[in-house]
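Inspection log for the structure reproduced underneath, given as structure tokens.
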Amino acid sequence: MFDKPTRNHPTYIAERIGSYLLLILLLFGNALTAGTQNMADLLHVEYWKTVLAQLLSGHFSVLLSAAGAVLILLAVIGVSILRWSRTFFRVEGELLYSERRTIIRKESKLPVGSITTVNVEQNIFEKLVGTAKVKIDINSAVTASKTDFIFILKKRDALALKETLLSKRDQNCEQEENAPKTVLAAFSTADALRHQLLSIPFLEILTGIMVIFPMFFGAQSMSLQDALPVLGVMVLLYCGSVVLGTLNLANFRLETDGKHIFISHGALRTQSYTFEKTRVKSVFLKQSLLARLFGLCSVELAVVGLGNEKRESPRLCLLVSKARAEELIAALLPAYTTKKTPVVSSKAALIPAVLLTLLCTAVSAVMIVYLPLYGIILCAAVFVFGIFAGILSQKTRTVSMEEDLFCCSSGILNKKTGRFLYSDLQEVRLHTNAIMQKGQVGRIGFSILSAKTMSTQKTGWFRKEIYDSLCEKMLSCE
């Protein structure tokens, strides 16, 4: 079906124009409404003759007017049509060809055996017109943070292309008869709503409190009637964010056939991920402050070759109990189960915290000169908060070393625990300084083959013996 040169669906042009249209409206919105006495002037030949005369006379400032917006939009439309008409792909034998025959010619040949994931995605517009994006990622660290190839096709063709590429890829591997798909977890819209509500970052909550509190208790306090419009806008934005996030996670479904992991979700923007279990390079258990209060956590994966410009990572599940999360990990990725009790970071970690607290307190002491009472209160608050935060940071940073697994956690409010196989560690480093080096203490940094947002990890302050043991474990796997 795809053995002949195939173009993207014509809606590629509309999607490309739409991505630039908002930017044009932001840049030229005022010019479009006030730059001409009547928008109908843009349809008159005399108007464009005047614009052309100004350009020929060197008055390029005319491009900042409504005429400039229209010219840029026409240029975007022209370039989009050209790229659509001159871009082709085909699947020939064991190779995927992608070719752009524009002024800057580009041709790519991709062995299907190097494909790691083929995902199908639909946004609202694509749902309305019946198209879908096919996102193809390869096993490469260079392009780990972005998708390598994106094609827009009719939905049935998109699914057919996915099936064609995956079947050809699997032909190069050992022939194994995959078991039927088994549903391991399914989440309703109500579960997605709970996930969104309990995943609110603490900083957003704190920012909301800092904005609302001065309205009623500050020097310029407002009456409830005056504050209602502001509160209404804030509530509307918050509810819109929650509803949108809920719809994007609705109908969450986790399946497996024994060899592959299948993840799909979304009512408005449908996303699906398909990848082999062997492509998983780390597992992360994440807990927001509210989720910790209810004993819940979600699981995310770092998958080699799965690039995403929006810095999203595939979720193994939404918020569930810790016991349920461990069950899913044990069922899908048993190598990432942990049994040992984690070790808390060294008490020497309090030294940097105390030094930083003293520095911040000294800076705050300047206020004593101008406002003695408030200055003293500020210094005391900064000192107490710094020491308390340092103790919590030291207590919440932990590591554990299993037979084949290294685990590390961090986070005072939002907790994250990462699990990494020794065989997947790319590089291990010890970060220290003159003071901490005397106590044989340092921070362990290491890298994994994944997207840039997950590729580099760093622990808290631990004894050098742990770093030495980690290096030995990594080297023994080579």
Side-chain angles (χ1 to χ4, degrees), residues 1-9 12 83-102 104-122 131-181 255-264 271-281 301-309 314 332 423-424 426 448-451 455:
M1 180 178 180
F2 301 101
D3 55 347
K4 296 180 180 180
T6 305
R7 289 192 182 97
N8 285 289
H9 192 271
Y12 166 89
R83 290 194 63 169
W84 168 78
S85 64
R86 306 297 293 172
T87 301
F88 305 88
F89 74 89
R90 70 183 189 277
V91 181
E92 187 175 307
E94 304 301 321
L95 293 175
L96 169 65
Y97 292 85
S98 177
E99 184 179 6
R100 190 170 65 207
R101 304 170 186 171
T102 54
I104 302 176
R105 301 178 68 90
K106 182 180 179 182
E107 182 178 1
S108 301
K109 297 180 182 179
L110 174 67
V112 293
S114 65
I115 294 175
T116 56
T117 59
V118 182
N119 302 315
V120 177
E121 179 182 307
Q122 275 187 303
T131 61
K133 287 189 184 77
V134 181
K135 294 187 170 183
I136 302 170
D137 289 286
I138 63 175
N139 188 4
S140 173
V142 177
T143 60
S145 294
K146 64 179 183 179
T147 303
D148 294 282
F149 297 94
I150 300 178
F151 304 118
I152 299 177
L153 304 168
K154 294 292 289 185
K155 185 178 180 180
R156 64 174 182 274
D157 295 335
L159 296 174
L161 177 60
K162 175 181 177 179
E163 183 63 29
T164 298
L165 292 174
L166 292 180
S167 61
K168 285 181 174 291
R169 182 196 66 181
D170 294 340
Q171 284 177 2
N172 297 328
C173 304
E174 295 182 4
Q175 296 295 324
E176 295 182 12
E177 186 175 346
N178 294 327
K181 286 185 182 180
E255 300 173 292
T256 183
D257 62 0
K259 181 180 179 181
H260 301 88
I261 296 175
F262 305 89
I263 301 172
S264 62
Q271 291 181 285
S272 65
Y273 302 96
T274 303
F275 49 87
E276 294 181 7
K277 294 181 180 181
T278 55
R279 299 295 182 180
V280 177
K281 295 301 176 183
L301 305 176
V303 182
V304 60
L306 182 56
N308 199 313
E309 292 80 359
L332 279 174
S423 57
D424 291 330
Q426 299 290 303
I448 59 173
L449 185 59
S450 180
S455 61

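The first residue in the sequence is number 1, and the count goes up from there.
Distance check, rounded to the nearest 0.5 Å: OG1 of T256 to CZ of F262 gives 7.0 Å. To the nearest 0.5 angstrom, R90 atom CZ is 12.5 Å from K4 atom NZ. The distance from atom CD1 of I263 to atom CZ of F275, rounded to the nearest 0.5 Å, is 4.0 Å. Rounding to the nearest 0.5 angstrom, the gap separating the CD1 atom in I136 from the CG atom in L96 is 5.0 Å. A distance of 12.5 Å separates CD1 of I115 from NZ of K162, quoted to the nearest 0.5 Å. Atoms OG1 and CZ, on T274 and R279 in that order, are 13.5 Å from each other to the nearest 0.5 Å.
Put simply, the side chain of S272 never gets that close to the backbone of S264: no donor and acceptor are under 3.5 Å apart. Put simply, the side chain of K277 gets close to the backbone of G258: a donor and an acceptor are under 3.5 Å apart. Of the possible polar contacts, none joining the T87 side chain to the W84 backbone as a donor-acceptor pair under 3.5 Å is found.
Under the salt bridge (charged side-chain N to carboxylate O under 4.0 Å, His left out) criterion, R7 pairs with no residue at all, not counting sequence neighbours. Taking the salt bridge (charged side-chain N to carboxylate O under 4.0 Å, His left out) definition, one finds that R101 meets it with E99, sequence neighbours left out.
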Below 3.5 Å, can you tabulate the donor-acceptor pairs from side chains in residues 149-161 to any protein atom, sequence neighbours excluded?
from	atom 1	to	atom 2	distance (Å)
K154	NZ	V129	O	3.4

(message) For a side-chain contact (heavy atoms from CB on, under 4.5 Å) check, start with the C-alpha distance between V91 and K168, then their side-chain angles and the critical distance, and finish with the verdict.
(response) CA-CA 10 Å; V91 181; K168 285 181 174 291; 3.7 Å; yes
(request) Show your reasoning for whether side-chain contact (heavy atoms from CB on, under 4.5 Å) applies to T131 and Y12. (result) CA-CA 10 Å; T131 61; Y12 166 89; over 6 Å; no
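Closest approach of S108 to K106, counting heavy atoms only: OG-CE, 4.1 Å. Between Q271 and Y273 the shortest heavy-atom distance is NE2-OH, 3.4 Å.
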